Amino acid sequence: MNSEFQLEQDRLRRVIEMIREQVGRLEERTSQHRDEVIHIRKHFWDEVKVNTDSFDDYLETIIGLRQEAQALAVSQSTHRHASKRLNTLRRMQKSPYFGRIDFKEDDSPASEQVYIGISTLTDETGDNFLVYDWRAPIASVYYDCQPGPAQYVTPGGEIEGVLEKKWQYLIKNGTLQSMFDTSLTIGDEILQQVLGKGTDKHMHSIVATIQQEQNRIIRHDRGRLLIVHGAAGSGKTSAALQRIAYILYKYRENLNADQIILFSPNTMFNSYVSNVLPELGEENMQQVTFQEYLDHRLSDEFHVENPYDQLEYILTADDTPTYRTRVASIRYKASTQFFEAIQSYRKSLEEAGMQFKSIIFRGKPIVTAEQIQERFYSTDTSLKFFNRLEKLKEWLLVQLKEVERMERRKPWVQEEIELLSNEEYHKARNFLAKKRGYKKEDIADYEVEPVVLAQLIVHQKLKAVRKRIRAFQFVDINAIYEQLFADPLKLAQLIGETPAKWTEMCEATVKMLGEEKLFYEDATPFLLLKELILGFQMNNAIKHVVVDEAQDYSPFQFEFLKRLFPMARMTVLGDFNQAIFAHASEMNDFRILMNLYGEEKTEVINMTRSYRSTKPIIEFTRSLIPNGEKIIPFERDGERPVLTQVADHNELHRAITSKVSDFRELGYHSIAIICKSAEESKRAYEALSDIEDLKLLRNNSIEYEQGIVVIPSYLAKGIEFDAVIIYNASAEVYRDESLLRTFYTACTRAMHHLQLYSVGKLTPLVDTGTGPSSTHFLEIE
């Protein structure tokens with residue numbers, strides 16, 4: 001073994017030397033490309049002769065501009081690719097590869113040693129592969145196969161052979177520290193070392209430790225929809241990010257990072273995962289939260305409630321008189337039944353019910369809402385709905401022309417002419433002269449006719465009105481949506497039934513709309529109705545959509561995303577044991593999404609093994625939930641979660657301060673004090689102010705900050721911490737079954753240590769776990 005280890009160390013040294021030489025050459029080339037780009041930008045206009053005197057001169061100018069722009073684009077692209085490769089090689093200098101397979105193809109006289117790393121590396125000839133990219137077809141053998149008969153799929157067909165050996169390497173800063181000959185998918189030795197480390201402020205790539213079930217997700221290439229349902233800590237998000245890297249590699253000729261979009265739970269999470277793709281030499285995909293999209297589309301008209309304010313209400317207002325109505329409203333407006341109701345409502349507008357705004361000019365209506373409505377419903381009803389709106393828009397523009405003609409003779413126009421400054425007058429004269437065909441040198445001879453100047457002034461004054469008409473702003477979407485709730489019987493007329501508490505829901509919705517506000521549960525239905533009336537603003541450029549924490553999305557929202565990105569394939573990831581939003585309380589799996597694209601175009605992958613936490617922590621957390629026994633803990637030992645019961649909040653804060661100090665002495669970099677709500681987090685943060693460098697994370701926090709943080713349960717989703725302190729796991733705070741998923745989510749954030757405190761009696765959620773009594777897995781202090 002020692003001789004083999006030495007041979008591997010010698011090979012590693014040669015590979016690193018090869019990388020160093022390539023880095024040196026590439027640094028020189030990259031510098032040249034950068035200088036070239038700077039030079040072209042600096043002298044761009046020196047190379048272009050701008051002349052617009054004649055058509056031929058104008059054409060020559062355009063061609064010159066295009067040639068210079070193309071030269072600049074080529075130089076920028078060359079520099080970008082060289083810089084990207086240089087960054088990858090620099091990362092490879094520290095660890096060129098992490099695995100090796102000895103694979104003998106059928107009918108081949110000898111086996112080939114295939115080393116696998118984050119990117120491909122060849123020798124100076126380009127013919128001999130020193131390292132294969134982890135996304136290359138042959139690398140799937142490393143992740144999926146045990147020694148023995150093996151095969152992998154290439155674009156040219158399936159390659160069969162024998163996997164003779166599989167090695168794992170642990171390389172740090174160019175030094176081979178250890179190597180393992182393993183018959184496992186990925187040997188526990190390296191995975192244990194990776195999982196045993198402390199956390200970082202960023203998630204990192206997992207290519208060296210990808211498991212077989214994760215590899216299925218990464219290389220999945222069938223159908224329109226891939227649903228990944230995985231236990232907390234199973235690596236769903238990590239696998240999804242490696243999947244994006246794999247897709248960018250496989251379809252690199254036809255796909256770029258801008259054509260992939262990730263819907264993430266919050267902006268803080270965006271910061272947390274921002275490092276993964278650059279580590280793999282890829283550009284980051286677009287990242288957005290669904291709330292950001294809603295704000296982009298609706299914030300000009302409404303103040304839109306965000307999902308965390310909605311959830312904060314659910315977690316803190318359960319003793320208010322409107323609570324049950326609000327919960328019922330959230331659930332119903334998130335359902336496919338309401339999606340169908342909105343579609344039926346839009347259909348009914350073909351016969352009656354469209355609401356319009358009067359066209360106003362100078363404070364007076366020039367076409368009233370009643371006139372517009374009468375015109376709309378007198379138009380040929382055999383036309384498609386949107387075509388009727390188009391004809392209505394054309395009719396309004398004709399009316400506007402007539403208004404424009406009549407306004408020219410009115411006294412206000414003469415007043416406007418008299419009030420023109422010299423600068424405004426000359427600007428108007430130049431514009432009219434050019435319009436009449438006068439050359440620049442002859443403009444001084446042009447005399448402005450008062451009638452023509454009046455026409456110009458009226459036309460300019462009506463410009464904003466014309467723009468609003470062309471944008472269909474005469475359609476009163478707000479009133480149309482409100483109309484659905486103004487009469488509680490309207491829904492029954494549309495779909496034959498109404499949900500419980502519908503009248504109360506209607507009253508609350510109308511009140512919010514009157515204040516120019518939208519409940520979060522109303523935002524997507526409102527937007528859908530607007531799109532169904534005015535036409536969908538589809539994004540055909542996006543080819544792949546990834547939705548993380550998918551259990552937080554409603555069926556309604558998924559139907560909307562399907563229509564928003566009609567050309568995209570979709571990957572959704574979630575865990576219904578962490579479905580803490582009110583609309584998901586009765587959902588236990590993703591079966592409802594099977595109808596999105598049809599079962600034949602949908603595949604579901606279940607991930608049952610959890611890697612984040614130690615085995616004792618997983619044994620405790622899985623005992624909290626139904627069917628928790630299906631979650632398989634990775635064999636990483638540690639201490640049992642500890643429960644400490646205290647008499648009051650003063651004792652609680654002293655105990656937490658002391659525990660944080662203990663965790664710091666253990667060398668933990670990330671310690672989370674997790675509270676149920678933002679309200680509780682704020683109180684805890686103020687009470688624990690003696691803890692040095694304590695931070696409070698809010699729903700508007702942009703970047704995940706490592707250290708000691710106080711954080712609400714719902715913001716902690718998707719993030720992991722070295723140690724977690726459950727601030728108050730008492731019966732008063734986590735009082736009933738409705739909070740089980742919130743409590744489970746908070747507890748599953750811990751990697752190495754989980755400490756629970758309870759002011760008084762412990763929550764019944766622990767005592768009533770579905771497996772053996774949950775307290776069996778706790779260390780009771």
Side-chain angles (χ1 to χ4, degrees), residues 294 297-298 301-302 324-357 369-370 372-374 376-389 392 472 474-514 517-536 553-564 582-583 586-587 592 595-596:
L294 292 176
R297 294 295 308 278
L298 297 173
E301 303 167 66
F302 295 103
R324 293 188 181 279
T325 297
R326 181 74 196 278
V327 171
S329 180
I330 291 169
R331 289 176 181 168
Y332 181 68
K333 289 175 181 175
S335 67
T336 52
Q337 289 88 346
F338 193 55
F339 187 91
E340 291 162 3
I342 292 289
Q343 290 180 305
S344 298
Y345 179 41
R346 209 298 282 140
K347 185 74 176 170
S348 74
L349 295 175
E350 295 178 9
E351 304 297 329
M354 280 291 285
Q355 301 292 312
F356 298 99
K357 299 175 187 175
E370 292 75 19
I372 299 172
Q373 187 180 60
E374 183 182 348
F376 180 76
Y377 285 113
S378 64
T379 307
D380 183 3
T381 55
S382 65
L383 290 174
K384 288 185 178 178
F385 187 79
F386 187 70
N387 290 343
R388 290 166 68 184
L389 281 176
L392 183 62
F472 296 98
F474 56 88
V475 181
D476 196 342
I477 304 294
N478 299 19
I480 296 170
Y481 189 71
E482 183 177 344
Q483 183 176 250
L484 180 59
F485 303 94
D487 178 6
L489 296 176
K490 192 162 191 67
L491 188 71
Q493 294 167 0
L494 290 170
I495 61 173
E497 59 180 351
T498 56
K501 294 188 174 293
W502 176 244
T503 300
E504 294 92 331
M505 289 185 217
C506 289
E507 290 171 359
T509 307
V510 169
K511 183 175 182 295
M512 282 288 280
L513 291 168
K517 297 177 182 177
L518 272 183
F519 284 128
Y520 180 67
E521 61 267 25
D522 278 299
T524 312
F526 179 91
L527 200 50
L528 175 69
L529 181 62
K530 183 176 182 178
E531 305 277 70
L532 290 171
I533 292 170
L534 300 181
F536 253 87
Y553 289 71
S554 69
F556 199 121
Q557 288 169 329
F558 274 113
E559 290 284 359
F560 186 82
L561 287 174
K562 174 187 172 181
R563 285 159 178 77
L564 179 60
H583 69 77
E586 296 173 4
M587 299 168 67
I592 196 161
N595 297 324
L596 203 60

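Because the structure is a prediction, the values reported are computed rather than measured.
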For residues Pro488 and Cys506, report the shortest heavy-atom separation together with the two atoms involved. CA-SG, 4.1 Å
Interatomic distance, Phe386 atom CZ to Phe472 atom CZ [nearest 0.5 angstrom]: 4.0 Å
Close side-chain approach of Ile330 to Tyr520, heavy-atom, < 4.5 Å: no
Which residue pairs satisfy the salt bridge (charged side-chain N to carboxylate O under 4.0 Å, His left out) criterion with at least one member in residues 333-354, sequence neighbours excluded? Lys333-Asp522, Arg346-Glu350, Lys347-Glu350
With Ser344 via side-chain hydrogen bond (donor to acceptor under 3.5 Å, both in side chains) - residues at least two apart: none
Closest contact, heavy atoms only, Leu294 versus Ala523: CD1-CB, 3.7 Å
My understanding is that only residues two or more places apart in sequence, or in another chain, count here; which of them pass side chain to side chain contact (heavy atoms under 4.5 Å, CB included) with Lys562? Glu559, Leu596, Tyr597
With sequence neighbours excluded, residues passing side-chain hydrogen bond (donor to acceptor under 3.5 Å, both in side chains) with Glu374: none
Given Pro499, which of Arg331, Met505, Gln337 fulfils the side-chain contact (heavy atoms from CB on, under 4.5 Å) condition? Met505
According to salt bridge (charged side-chain N to carboxylate O under 4.0 Å, His left out), does anything in residues 479-503 pair up with another residue at least two apart or in another chain? List the pairs. none
Could you give the distance from CG (Leu527) to CG (Leu298), rounded to the nearest 0.5 Å? 5.0 Å
For Ala341, enumerate each residue passing the side chain to side chain contact (heavy atoms under 4.5 Å, CB included) test, keeping only those at least two apart in sequence or located in another chain. Tyr332, Phe338, Leu491, Ile495
Once you round to the nearest 0.5 Å, how far does CZ of Phe560 lie from CD1 of Ile342? 12.0 Å
What do you reckon, is CZ of Arg563 surrounded by more than 12 foreign heavy atoms closer than 6.0 Å? yes
Does any non-hydrogen side-chain atom of Lys511 lie less than 4.5 Å from one of Lys517? no
Begin from the C-alpha positions of Asn478 and Leu513 and carry the test side chain to side chain contact (heavy atoms under 4.5 Å, CB included) through to its verdict. CA-CA 8 Å; Asn478 299 19; Leu513 291 168; 6.0 Å; no
Identify, with sequence neighbours excluded, every residue that meets side chain to side chain contact (heavy atoms under 4.5 Å, CB included) alongside Asn595. none
Once you round to the nearest 0.5 Å, how far does NZ of Lys357 lie from CD1 of Ile477? 8.5 Å
Run the ring pair (Phe, Tyr, Trp, His ring centres under 6.0 Å) test against Phe485 and tell me which residues pass, sequence neighbours left out. Tyr481, Trp502
Contacts of Tyr377 that satisfy ring pair (Phe, Tyr, Trp, His ring centres under 6.0 Å) - sequence neighbours left out: none
Residues which pass side-chain hydrogen bond (donor to acceptor under 3.5 Å, both in side chains) with Gln343, listed by chain and number, not counting sequence neighbours: none
By side chain to side chain contact (heavy atoms under 4.5 Å, CB included) - contacts of Leu349 (at least two apart): Tyr345, Met354, Phe385, Ile480, Gln483, Ile533
Could you tell me if the side chain of Pro525 sits less than 4.5 Å from the side chain of Phe556, heavy atoms only? yes
Report the distance from atom CG of Leu561 to atom CD of Gln557, rounding to the nearest 0.5 Å. 7.5 Å
Should Arg326 and Glu521 be marked as a salt bridge (charged side-chain N to carboxylate O under 4.0 Å, His left out) after you check the CA-CA gap, both sets of side-chain angles, and the distance that decides it? CA-CA 10 Å; Arg326 181 74 196 278; Glu521 61 267 25; 2.7 Å; yes
CG on Leu564 to OG1 on Thr524, rounded to 0.5 Å: 11.0 Å
My understanding is that only residues two or more places apart in sequence, or in another chain, count here; which of them pass ring pair (Phe, Tyr, Trp, His ring centres under 6.0 Å) with Phe356? Phe376
Is there a side chain to side chain contact (heavy atoms under 4.5 Å, CB included) between Leu484 and Thr509 once you walk through the steps? CA-CA 10 Å; Leu484 180 59; Thr509 307; over 6 Å; no
